[in-house]
Amino acid sequence: MATRRRSCASRHSASTWSRWGCRASLTTASASLRAVRMADPSIGRFVEVVVSHGLLVGATVVGDKECASRLSAMYTRMMPVPADPAHLIVRPLAAAPPAAATAVEDMDDDATVCQCNTVSKGAICAAIADGCSSVDAVAKATRASTGCGDCRSQVARLIEATPTTKVPALAG
């Protein structure tokens, strides 16, 4: 890894050098990295993202599950990020009233149930119709609930709400 040293230390005293913010070294590899962080200790939230060449290369999220799942999906799928990485951690709808929660049974088939793996209600219902009768079976078929696990209860409610149409085989 190449390293450049600033030359201000050779011409000025150490106190002037530190007052100007000069550092001993700057790696050229880190020059392309941008890090943005937000901390709100009063509610227990900390979010930091690191972006390089238009892609998310690292993130730390504490206390914000929605942000964590969105950033995890962006990282896994190598999705391009906004020009200003602050848009990854600041929600523009902060002043808007919270959306009313919709029961999973009332969601449209194209609505996303599993945010981590972007699995829709329709895909989960199709897996249930194909014979998946447990959350683990649906997870194996669709990957729903294999990320953070927040949607496990919704998948279970869909399994319970779906009528079983399988006719038992006749003996004899």
Q | Nonpolar side-chain network containing Ile43, other nodes, edges under 4.5 Å | A | none

Q.
Check for me, please, whether Met79 and Leu55 land in the same ILVMFWY cluster - side-chain distances under 4.5 Å, paths through other members count.
A. no

Q) Side chains of Phe46 and Arg37: does their closest heavy-atom pair fall under 4.5 Å? A) yes

Q | Pairing residues for Thr118 by the side-chain contact (heavy atoms from CB on, under 4.5 Å) criterion, not counting sequence neighbours | A | Arg77

Q. Are Lys121 and Asp108 within salt-bridge range, i.e. N to O under 4.0 Å?
A. no

Q: Please check if atom CZ in Arg157 has more than 12 non-hydrogen atoms from other residues, nucleotides or ligands closer than 6.0 Å.
A: yes

Q) Ser42 and Asp40: side-chain donor and acceptor closer than 3.5 Å? A) yes

Q) Under a 4.5 Å cut-off applied to non-hydrogen side-chain atoms, are Val36 and Leu88 in contact? A) no

Q: With side-chain contact (heavy atoms from CB on, under 4.5 Å) as the test, would you mind laying out the steps for Asp150 and Lys65 before giving the verdict?
A: CA-CA 9 Å; Asp150 280 351; Lys65 291 180 184 177; 2.9 Å; yes

Q. Less than 4.5 Å apart, any side-chain heavy atom of Leu71 and any of Val61?
A. yes

(Q) Does either side chain, that of Ser120 or that of Asp109, offer a donor lying less than 3.5 Å from an acceptor on the other one? (A) no

Q.
Closer than 4.0 angstrom, basic N to acidic O: yes or no for Asp64 and Arg70?
A. no

